[in-house]
K.L.:
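Just passing along the structure, written as structure tokens.
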Amino acid sequence: MEVVGKHREILRLRVALLIGALLLASFILADMALLPSPLYEFYLQNRLIYQIPVIFLVIALSFSRFFYAARSWIFAGLMVMLTFANFVLIYQSWVLYEFAFPYEGTILYAFYCVFALGVTYKLALVASIISIAGFIGLMVIAPVYGDRVMISTSFVVGSLFICAYAKYRLDRIVILLKSTNKKLNTLSREDPLTNLLNRRALMKEGERLLSLSKRQNLSFAVFMLDLDDFKKYNDAFGHQQGDDAIVAQADVMRAVFQRQTDILGRYGGEEFMVIVSGVSARQVEQSCQQILDIWDKKALPHASNASAKTVSCSIGAVVVTNIKGQTLEGLINQADNELYQAKAAGKGTYLLSTLS
Ligand SMILES: Nc1nc2c(ncn2[C@@H]2O[C@H](COP(=O)(O)OP(=O)(O)OP(=O)(O)O)[C@@H](O)[C@H]2O)c(=O)[nH]1
């Protein structure tokens, strides 16, 4: 997750923790109306000295560096602590006054920690099992709910397992959504045949590199590449083999332009584009020559009526040293113009225009 998203999530968790503390405080009013007065003191101690401060302790922990990575463990721990604090309330209410303090808080705490705070399903399951074991132990040592003990226990066990299972389903859906989102993002940016950027992504990344280069005062170059007599190649060898030649062109480009910042894309049909920054006219020429040399080395037989015996491409390039005032569109037009001239000059060659 990016840094901004991480900070936003921590902020959201702090708000959820504060809401939890406020809810606990509001329970005090409701519980006091229900509790016999001799139980007030230990009840208030439990809520005010233990349960609410534990939540504030977690809020304090949220300012530490390890909090984000460990948050699921911390919230699972919080769930167990709050649940057991409630067991103590139930136990003491029974022992001191034979008062059957409600057990529903056990379920509410689990749902709060698992869904509002986001304990992962594995830890939710572990925390649920610990809470269930605690509840069963409590029912053994203090038969608080009399002949309703079985139904109460079943209710707690069922609810906590449903809570863990629902979290499992939710986590799976989120994982599926994330991977689908990633695939969709790739699909929307890449050309499926060559795995190069598609035209839209190419333009977007190109604009980004242009503004970065303007800020850093770097030189900038655009290459337009077009397979020669490709219609004839398709007609002679079929569309499938034509596709293979398009993939081969992409591989040639990948072999020549290997810097992380180089932007390689399929502009459309058999036309490709490369955008780079921080290169000299000499380097641009070398790259063009390298592309032509690799095609020569491949010696892929062309159609008999093509202008060359083997498949190659024509390249039009533009390199600009002072890019202030230049637009990507203008540079593409310039490179396209050079490409047109290279085609007219006999194909299988490159033409470069240098702007300063
Ligand atoms: N196999 C295949 N062919 C494609 C694809 N996209 C475009 N083409 C073909 O590329 C050919 C381009 O033909 P033209 O624009 O006439 O260019 P050309 O034959 O290369 O001629 P010059 O550019 O002058 O060298 C067309 O026949 C298109 O059908 C593709 O994805 N796969």
Side-chain angles (χ1 to χ4, degrees), residues 183-206 221-258 262-276 284-319 328-354:
K183 273 184 213 154
L184 278 176
N185 190 33
T186 306
L187 276 177
S188 72
R189 283 172 55 82
E190 273 184 13
D191 163 48
L193 181 63
T194 59
N195 288 30
L196 294 179
L197 292 180
N198 61 26
R199 187 170 176 155
R200 201 163 53 94
L202 191 58
M203 298 307 283
K204 201 171 155 195
E205 294 299 322
V222 176
F223 302 73
M224 293 294 283
L225 307 93
D226 189 286
L227 286 167
D228 293 328
D229 296 324
F230 196 56
K231 185 175 176 342
K232 289 176 182 158
Y233 187 83
N234 261 337
D235 292 345
F237 302 107
H239 203 82
Q240 181 59 52
Q241 207 166 315
D243 279 0
D244 294 344
I246 285 178
V247 172
Q249 171 73 301
D251 290 340
V252 172
M253 287 160 60
R254 274 190 278 260
V256 174
F257 301 97
Q258 295 192 351
D262 293 348
I263 299 168
L264 282 66
R266 188 172 176 196
Y267 196 63
E270 42 29 305
E271 204 172 359
F272 298 81
M273 188 157 91
V274 177
I275 306 171
V276 299
V284 171
E285 278 193 285
Q286 279 171 347
S287 299
C288 291
Q289 193 54 55
Q290 254 182 296
I291 293 168
L292 300 180
D293 289 347
I294 296 177
W295 271 117
D296 266 356
K297 227 173 172 183
K298 277 186 188 288
L300 196 67
H302 211 321
S304 54
N305 56 348
S307 52
K309 283 196 162 48
T310 59
V311 175
S312 188
C313 69
S314 299
I315 309 165
V318 57
V319 59
L328 186 60
E329 212 186 325
L331 294 173
I332 291 173
N333 284 341
Q334 183 73 31
D336 212 21
N337 201 32
E338 296 302 322
L339 172 64
Y340 182 78
Q341 306 286 342
K343 290 268 183 191
K347 304 183 181 179
T349 185
Y350 69 86
L351 277 181
L352 166 69
S353 114
T354 311

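Counting starts at 1 for both ligands and their atoms, in listed order. When reading the values below, keep in mind they use all heavy atoms of this one structure, side chains included, and skip hydrogens, waters and symmetry mates.
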K.L.:
Judged by atom type as modelled, is there a donor-acceptor pair below 3.5 Å linking the side chain of Arg266 to the main-chain atoms of Gly269?
P.N.:
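Pair found, side chain donor or acceptor close to backbone of Gly269.
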K.L.:
Do me a favour and list the nearest non-hydrogen protein atom to atom 10 (O) of ligand 1 with residue, atom name and distance?
P.N.:
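Nearest protein contact, heavy atoms only, for atom 10 (O) of ligand 1 is Phe230 CD2, 3.2 Å.
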K.L.:
List ligand 1 atoms under 4.0 Å from Asp226, heavy atoms only on the residue side.
P.N.:
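Close to Asp226: 23 (O).
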K.L.:
Just which atoms of ligand 1 are under 4.0 Å from any heavy atom in Gly242?
P.N.:
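Those of ligand 1 that fall under 4.0 Å from Gly242 are 1 (N).
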K.L.:
To which protein heavy atom is atom 24 (O) of ligand 1 closest, and what is the distance rounded to 0.1 Å?
P.N.:
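Going by distance alone, atom 24 (O) of ligand 1 is nearest to Lys347 NZ, 3.2 Å.
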K.L.:
Looking at atom 23 (O) of ligand 1, what's its closest protein heavy atom, distance included?
P.N.:
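Looking only at protein heavy atoms, the one closest to atom 23 (O) of ligand 1 is Lys343 NZ, 3.1 Å.
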K.L.:
Asp293 and Gln289: side chain to side chain donor-acceptor pair (under 3.5 Å), yes or no, with the steps?
P.N.:
CA-CA 6 Å; Asp293 289 347; Gln289 193 54 55; 3.0 Å; yes
K.L.:
Calculate, to the nearest 0.5 Å, the distance between atoms CE and CG belonging to Met203 and Leu328 respectively.
P.N.:
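The CG atom of Leu328 is 4.5 Å from CE of Met203, to the nearest 0.5 Å.
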K.L.:
Could you check, using the six-membered ring where one of them is a Trp, whether Phe223 and Phe272 have ring centers closer than 6.0 angstrom?
P.N.:
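For Phe223 and Phe272, the ring centres are not under 6.0 Å apart.
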K.L.:
Of all the non-hydrogen atoms in the protein, which one sits nearest to atom 25 (O) of ligand 1, and at what distance?
P.N.:
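Answer, as residue, atom name and distance: Asp229 N, 2.7 Å.
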K.L.:
Note the single closest protein heavy atom to atom 28 (C) of ligand 1, along with its residue, its atom name and the distance in Å.
P.N.:
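Nearest neighbour among protein heavy atoms for atom 28 (C) of ligand 1, to 0.1 Å: Asn234 ND2, 4.2 Å.
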K.L.:
Donor-acceptor pair, distance only, cut-off 3.5 Å: does the side chain of Asp191 make one with the backbone of Thr194?
P.N.:
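Yes, the answer is positive, given that a donor and an acceptor are paired below the 3.5 Å cut-off.
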K.L.:
Strictly below 4.0 Å, N to O, side chains only: are Lys343 and Asp228 in salt-bridge contact?
P.N.:
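Answer for the salt bridge query: yes.
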K.L.:
Give a yes or no answer on whether the side chain of Arg200 reaches the backbone of Ser188 with a donor-acceptor pair at less than 3.5 Å.
P.N.:
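Side chain of Arg200 to backbone of Ser188: a pair is present.
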K.L.:
Considering only the protein, which heavy-atom contact is closest to atom 5 (C) of ligand 1, and what is its distance?
P.N.:
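Looking at atom 5 (C) of ligand 1, the protein heavy atom closest to it is Ile246 CD1, 3.7 Å.
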K.L.:
Quick one: does Arg266 get a heavy atom under 4.0 Å from ligand 1?
P.N.:
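A heavy atom of Arg266 does come that close to ligand 1.
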K.L.:
What part of Leu227, side chain, backbone, both or neither, has a heavy atom within less than 4.0 angstrom of ligand 1?
P.N.:
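The part of Leu227 near ligand 1 is the backbone, not the side chain.
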K.L.:
Can a salt bridge be assigned to the pair Asp235 and Lys231 using a cut-off of 4.0 Å between side-chain N and carboxylate O?
P.N.:
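A salt bridge links Asp235 with Lys231.
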K.L.:
Note the single closest protein heavy atom to atom 17 (O) of ligand 1, along with its residue, its atom name and the distance in Å.
P.N.:
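Among all protein heavy atoms, the one nearest atom 17 (O) of ligand 1 is Glu270 OE2, 3.5 Å.
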K.L.:
For atom 32 (N) of ligand 1, find the nearest protein heavy atom and state the residue, atom name and distance (0.1 Å precision).
P.N.:
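Residue, atom and distance for the closest contact: Asp243 OD1, 2.7 Å.
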